[in-house]
Amino acid sequence: MDYDRYDRIRAVQWQGDHLRLLDQRLLPQQERWIDCANAAQVTQAIKDLAVRGAPAIGIAAAWGVALAAKQGESLDAALSMLRAARPTAVNLMWALDRMMARIAAGADAAALEHEAKAIQDEDLLANRHMGQLGASLIAPHSGVLTHCNTGSLATAGYGTALGVIRAGVAAGRIEQVFAGETRPWQQGARLTMWELVRDGIPAKLIADSAASHLMKSGVIQWVIVGADRIAANGDTANKIGTYQLAIAARHHGVKFMVVAPSSTVDMATATGDDIEIELRDPAELLAVAGQRTVVEGADAWNPVFDVTPAELIDAIVTERGVIERPNAGVMQLMFLA
Ligand code: MRU
């Protein structure tokens with residue numbers, strides 16, 4: 001695998017005394033970095049989506065705790081502030097629990113910095129491994145559709161679903177890549193297309209509403225997405241619009257793959273019904289790039305995740321292995337054994 005070509009973006013960078021984040025609100029027009037010097041600034045960056053994507057949120061939060069320790073801030077306050085930043089992606093809680101365990105074991109600021117770095121490094125390794133596992137499921141000459149942004153920007157590097165696509169393209173298994181816009185925040189249009197163009201991977205953007213039509217055409221064999229939380233029975237929360245892709249995929253005989261590190265698996269949550277779905281400001285729907293597009297006085301409903309039931313998922317790929325046709329039994333074998 002040519003990682004020099006396919007793994008060059010690092011959106012979360014520890015600088016020794018502050019955390020540098022590539023501001024994802026401004027891409028692709030501007031590549032501007034923001035510097036966070038304390039846990040409150042990291043919390044704000046997560047809330048505002050300057051850093052986003054389940055694994056990246058967890059990594060940033062871990063660095064937020066390391067910063068709090070370095071600044072002599074209250075670690076309890078930092079942990080609870082960071083934990084409340086966003087509700088759906090369990091990687092956030094997972095990373096904070098890991099930092100909390102180190103604090104409980106008496107870790108000092110240097111040890112917490114070490115733990116945050118380990119969380120980041122492990123995520124990159126998991127992504128590279130998942131890339132190989134996921135790509136091996138795809139037959140040569142396939143077409144794929146992805147949703148949201150699951151690439152280097154959303155992780156420590158390389159990506160989850162986008163990592164599988166990178167590996168599949170490099171191995172000659174994937175011939176055509178389609179990315180949905182991912183309204184309203186346009187993670188697909190603004191971020192995934194930016195990553196693919198930087199890698200020189202030919203890809204076509206589609207309107208989210210073109211997905212069923214694309215599947216009917218027979219051009220794609222797989223929908224490949226990431227996850228924000230996978231419940232104990234395999235139900236998967238991911239970016240709004242994922243559920244309707246899974247329904248359409250099953251109808252058209254297109255396979256559906258979820259790619260996520262084990263830090264996204266939440267065995268304490270029994271089913272998708274128990275996952276809190278983040279509701280964001282309706283203003284995100286009523287305007288495009290700050291420009292109001294909907295009549296004044298109109299309201300909107302803006303859930304930013306949905307849950308795909310396990311029975312619509314053909315494969316869940318984590319760094320621990322591939323689960324085909326997930327259910328509570330096989331999930332338990334892989335994640336609780
Ligand atoms: O609201 P976002 O942009 O943080 O949502 C991101 C997603 O839904 C991704 O698909 C998911 O976090 C997986 S990222 C590897």
Side-chain angles (χ1 to χ4, degrees), residues 7 9 11-12 21-25 27 45-61 85-95 120 122-124 126-131 134 145-166 179-192 194-195 208 223-230 236-246 256-266 272 275-281 284-285 302-308 313 316-319:
D7 188 14
I9 303 161
V12 179
L21 301 170
L22 181 54
D23 191 341
Q24 303 195 26
R25 297 166 299 182
L27 289 170
I46 294 172
K47 282 187 178 169
D48 294 345
L49 310 187
V51 58
R52 46 137 305 277
I57 292 170
I59 293 162
R86 291 188 77 187
T88 306
V90 76
N91 307 62
L92 174 65
M93 296 70 183
W94 171 87
Q120 183 154 2
E122 287 166 25
D123 187 65
L124 178 60
N127 291 338
R128 289 180 170 185
H129 186 43
M130 292 188 296
L145 168 66
T146 191
H147 190 57
C148 197
N149 172 265
T150 62
S152 305
L153 293 169
T155 63
Y158 197 59
T160 57
L162 207 56
V164 168
I165 291 173
R166 288 184 155 116
E181 274 185 300
T182 321
R183 283 279 296 148
W185 213 73
Q186 308 218 61
Q187 286 93 333
R190 297 193 304 103
L191 308 177
T192 298
W194 181 77
E195 290 201 34
D208 296 320
V223 173
I224 309 178
V225 298
D228 288 83
R229 189 184 295 235
I230 302 174
T236 294
N238 190 47
K239 179 53 55 194
I240 191 77
T242 302
Y243 177 31
Q244 64 195 21
L245 290 178
F256 193 88
M257 187 193 303
V258 171
V259 189
S262 55
S263 53
T264 307
V265 175
D266 178 10
I275 299 175
E276 181 180 343
I277 299 296
E278 179 180 7
L279 280 176
R280 289 187 69 87
D281 189 344
E284 290 180 357
L285 265 174
N302 188 22
V304 299
F305 299 100
D306 58 27
V307 173
T308 299
I313 299 170
I316 294 179
V317 177
T318 76
E319 79 282 8

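Read the numbers this way: they start at 1 and go in the same order the structure lists the ligands and their atoms.
Considering only non-hydrogen protein atoms, atom 8 (O) of ligand 1 sits nearest to D228 OD1, 2.7 Å. R86 NH1, 2.8 Å is the protein heavy atom nearest to atom 4 (O) of ligand 1. What sits closest to atom 10 (O) of ligand 1 on the protein, heavy atoms only, is N238 OD1, 2.7 Å. Summary of contacts: the protein heavy atom closest to atom 13 (C) of ligand 1 is A227 O, 3.4 Å. Protein heavy atom in closest approach to atom 14 (S) of ligand 1: A154 CB, 3.6 Å.
By the 3.5 Å distance cut-off applied to N or O atoms, C148 is not counted among the residues near ligand 1.
Here is the list of ligand 1 atoms found below 4.0 Å of a heavy atom in T155: 15 (C). Using a 4.0 Å cut-off to heavy atoms of Q187, the atoms of ligand 1 that qualify are 1 (O), 2 (P), 3 (O).
Listed for the D228 side chain is no donor-acceptor partner under 3.5 Å among the backbone atoms of F305.
Under 3.5 Å, the side chains of T192 and Q187 contain no donor-acceptor pair of N or O atoms. A donor and an acceptor atom, one from each side chain of T264 and N91, are located under 3.5 Å apart. A donor atom on one side chain and an acceptor atom on the other are found under 3.5 Å apart for N149 and R52.
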